[in-house]
Amino acid sequence: MPDHSFEHTIRFYEVPTPKGPVAFPLITITLVQPSGTRVDLPLMFDTGASVTTLRDDLYPLLGVSSWDSGVLLQSETAGGVAPVPCYQYHANLELFGKAVNCPVHLMQLPRNPLYVGLFGRAQIFDAFGFGFWESTRELYVTLTP
């Protein structure tokens, strides 16, 4: 039987607004560039995102010449009417010291000062166990799912 205990707790990031606080489940991952340089990136934890998706302007971090030099795909978006183009690459991502080589999409995303993309499921969710409690505004992570 799997153990459903968690070693890490990530509190949501709260932003005050005129209508009250808004909470974001943000997670910081480390992208290991082809050169070996490590870059921390804040991402929105998104259980609806199939693949981790970064903003198009971050293409230099993947060691490619332009954001649209990868494999062209069409991606469904939350609330979107039609699929939008994205480009697929592979990257080494780390979370709590655990490395995962996984697909990463680059897409023209709206700019947000809090995060630079979406933390998606492909390859990554298999390597971790996650618990998500909206009412307490916490995300729980285990390295041994």
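All values below come from the heavy atoms of this structure, side chains included, with hydrogens, waters and symmetry mates left out.
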Taking all atoms of both residues into account, what is the closest heavy-atom pair of [X] and [Y], and its distance?
{"X": "Pro34", "Y": "Leu62", "answer": "CG-O, 3.5 Å"}
{"X": "Lys98", "Y": "Ala127", "answer": "NZ-O, 2.6 Å"}
{"X": "Gln123", "Y": "Pro103", "answer": "CG-CD, 3.4 Å"}

Flag the pair [X] / [Y] as yes when at least one side-chain heavy-atom distance between them is below 4.5 Å, and no otherwise.
{"X": "Phe12", "Y": "Trp133", "answer": "no"}
{"X": "Leu93", "Y": "Ile124", "answer": "yes"}
{"X": "Ser75", "Y": "Cys86", "answer": "yes"}
{"X": "Leu43", "Y": "Leu26", "answer": "no"}
{"X": "Phe128", "Y": "Leu143", "answer": "yes"}

As a quick check of understanding, evaluate side-chain hydrogen bond (donor to acceptor under 3.5 Å, both in side chains) for Thr30 and Asp40, giving each step before the final call.
CA-CA 4 Å; Thr30 300; Asp40 288 341; 2.7 Å; yes
Grouping I, L, V, M, F, W and Y whenever their side-chain heavy atoms are under 4.5 Å apart, do [X] and [Y] come out in a common cluster?
{"X": "Ile29", "Y": "Tyr59", "result": "yes"}
{"X": "Tyr87", "Y": "Leu54", "result": "yes"}
{"X": "Ile27", "Y": "Leu58", "result": "yes"}

Distance in Å, [X] [atom1] paired with [Y] [atom2], rounded so as to fall on 0.5 Å steps:
{"X": "Leu31", "Y": "Leu41", "atom1": "CG", "atom2": "CG", "result": "5.5 Å"}
{"X": "Cys102", "Y": "Phe125", "atom1": "SG", "atom2": "CZ", "result": "11.0 Å"}
{"X": "Tyr89", "Y": "Leu61", "atom1": "OH", "atom2": "CG", "result": "12.0 Å"}
{"X": "Thr52", "Y": "Asp46", "atom1": "OG1", "atom2": "CG", "result": "9.5 Å"}
{"X": "Glu138", "Y": "His8", "atom1": "CD", "atom2": "NE2", "result": "14.5 Å"}

Checking Ser35 now: which residues fulfil side chain to side chain contact (heavy atoms under 4.5 Å, CB included) with it, not counting sequence neighbours?
Gln33, Thr37
With ring centroids as reference points, do Tyr140 and Phe130 lie under 6.0 angstrom apart?
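Aromatic pair excluded; centres sit 6.0 Å or further apart.
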Passing option when Val141 is tested against Phe96, Phe6, Phe45 for side-chain contact (heavy atoms from CB on, under 4.5 Å)
Phe96
Side-chain donor-acceptor pairs under 3.5 Å in residues 63-70, sequence neighbours left out?
{"from": "Ser66", "atom 1": "OG", "to": "Asp68", "atom 2": "OD1", "distance (Å)": "2.9"}
{"from": "Ser69", "atom 1": "OG", "to": "Ser66", "atom 2": "O", "distance (Å)": "3.0"}

Quick one: list whatever passes salt bridge (Lys or Arg N to Asp or Glu O under 4.0 Å) with Arg38, sequence neighbours left out.
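By the salt bridge (Lys or Arg N to Asp or Glu O under 4.0 Å) rule, Arg38 matches Glu94.
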Residues at least two apart in sequence or cross-chain that pass salt bridge (Lys or Arg N to Asp or Glu O under 4.0 Å) with Glu7, listed by chain then number, are none
Counting only N and O atoms by type, is there a donor-acceptor contact under 3.5 Å from the side chain of Thr53 to the main-chain atoms of Val51?
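Checked: pair present.
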With a 3.5 Å cut-off and sequence neighbours excluded, list the donor-acceptor pairs that the side chains of residues 13-24 form with protein atoms.
{"from": "Thr17", "atom 1": "OG1", "to": "Lys19", "atom 2": "N", "distance (Å)": "3.3"}
{"from": "Thr17", "atom 1": "OG1", "to": "Gly20", "atom 2": "N", "distance (Å)": "3.3"}
{"from": "Thr17", "atom 1": "OG1", "to": "Gly20", "atom 2": "O", "distance (Å)": "2.3"}

For residues 104-116, run the donor-acceptor check on the side chains, cut-off 3.5 Å, and write out each pair with its distance to 0.1 Å, sequence neighbours left out.
{"from": "His105", "atom 1": "NE2", "to": "Gln88", "atom 2": "OE1", "distance (Å)": "3.1"}
{"from": "Arg111", "atom 1": "NH1", "to": "Asp56", "atom 2": "OD1", "distance (Å)": "3.2"}
{"from": "Arg111", "atom 1": "NH1", "to": "Leu109", "atom 2": "O", "distance (Å)": "3.0"}
{"from": "Arg111", "atom 1": "NH2", "to": "Asp56", "atom 2": "OD1", "distance (Å)": "3.2"}
{"from": "Asn112", "atom 1": "OD1", "to": "Leu114", "atom 2": "N", "distance (Å)": "2.7"}

